[in-house]
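Reviewing the structure listed below.
For this chain, numbers begin at 1 and follow the sequence in order.
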Amino acid sequence: NLPGYITDVAFYTSSLADSDISLLYQNSVAYVPQRNISIGLSAGQNSQNADAIAIGGSAGQNTQGPNSVAIGAFSGQFSQGNSIAIGALSGQYNQSLNAVAIGYQAGFTGQNQTTIAIGSQAGQTNQGPGCIAIGNLSGASTQQQNTVAIGFAAGNANQFSGAHSIVTGK
């Protein structure tokens, strides 16, 4: 460690008021990895890897991969792999490598590698590898490999592999 550098910060407490913020809040800790930021009740609590950021209640709570970012309540909560989840419940379950989910419930569950979901509930369930969903409810349910959905509710149900859906208006 270099003099003057803080490598690990942890506050431990058994109870928190609603307005309190804790860094790396955990009931019991065997090892606190270096270079992480965890702010919020249970944020980054279990298996947070190096250089990960978890901000919000239960954000990045279980198995947050290296270089991952989870901002928002319950974002990136379970199994986030080197990905970005911004917004409440975004990328909550099984967000794979290099995935990006921005918006409420964007990439909520089963967001595969190298996918992008931007907008409320975009790419919400089972977004296949290489998919892009931009717009509220775009690619919301079962977006298969290498599909693109742009616009409100574009390709929102069972978009087949290689399909492109663009909705204009509204």
Side-chain donor-acceptor distances from residues 153-161 under 3.5 Å, at least two apart:
from	atom 1	to	atom 2	distance (Å)
Q159	OE1	Q143	NE2	3.0
Q159	OE1	T147	OG1	3.4
Q159	NE2	V148	O	2.9
Q159	NE2	S165	OG	3.2
S161	OG	Q145	O	3.2

Euclidean distance, I86 CD1 relative to I102 CD1, rounded to 0.5 Å: 5.0 Å
Side-chain donor/acceptor of Q124 to backbone N/O of L137, under 3.5 Å: no
Atom of A99, atom of N112 and distance for their closest heavy-atom approach: CB-O, 3.7 Å
Summary of ring-ring contact (aromatic ring centres under 6.0 Å, His included) pairs that have at least one residue in residues 35-57, sequence neighbours excluded: none
Considering all heavy atoms, the nearest G103-S90 contact: O-CB, 3.4 Å
Side chain to side chain contact (heavy atoms under 4.5 Å, CB included) partners for S79, two or more places apart: N94
For A149 against G139, the heavy-atom pair lying closest together: CB-N, 3.8 Å
Straight-line distance of N49 CG to T63 OG1, nearest 0.5 Å: 8.0 Å
Nearest-0.5 Å distance, CD1 of residue I37 to CD1 of residue I53: 4.5 Å
Heavy-atom pair of closest approach, residues A122 and G135: CB-O, 3.5 Å
Counterpart residues, side chain to side chain contact (heavy atoms under 4.5 Å, CB included), relative to S141 (two or more places apart): none
Side chain to side chain contact (heavy atoms under 4.5 Å, CB included) involving T109 - partner list, sequence neighbours excluded: Y93, T125
Where at least one partner belongs to residues 36-74, residue pairs that pass ring-ring contact (aromatic ring centres under 6.0 Å, His included), sequence neighbours excluded: none
S120 OG to F152 CZ distance, which is reported to the nearest 0.5 Å: 9.5 Å
Residues that T115 engages under side-chain hydrogen bond (donor to acceptor under 3.5 Å, both in side chains), provided they are two or more places apart: Q111
Partner of Q48 under side-chain hydrogen bond (donor to acceptor under 3.5 Å, both in side chains), chosen from Q80, Q61, Q64: Q64
Worked check of side chain to side chain contact (heavy atoms under 4.5 Å, CB included) between R35 and D51: CA-CA 5 Å; R35 302 181 316 267; D51 301 315; 2.8 Å; yes
For Q121, side-chain hydrogen bond (donor to acceptor under 3.5 Å, both in side chains) partners two or more places apart: Q105
Only distances under 3.5 Å count here; give the side-chain donor-acceptor pairs of residues 65-73 to other protein atoms, sequence neighbours excluded, each with its distance to 0.1 Å.
from	atom 1	to	atom 2	distance (Å)
S68	OG	G65	O	3.1
S68	OG	N82	N	2.9
S68	OG	S83	N	3.2

Closest heavy-atom pair and its distance - A85, G76: CB-N, 4.0 Å
Under 3.5 Å: donor-acceptor pair, side chain of Q95, backbone of I84: yes
All side chain to side chain contact (heavy atoms under 4.5 Å, CB included) counterparts of N62, not counting sequence neighbours: N46, F78
Atom of A117, atom of G107 and distance for their closest heavy-atom approach: CB-N, 3.9 Å
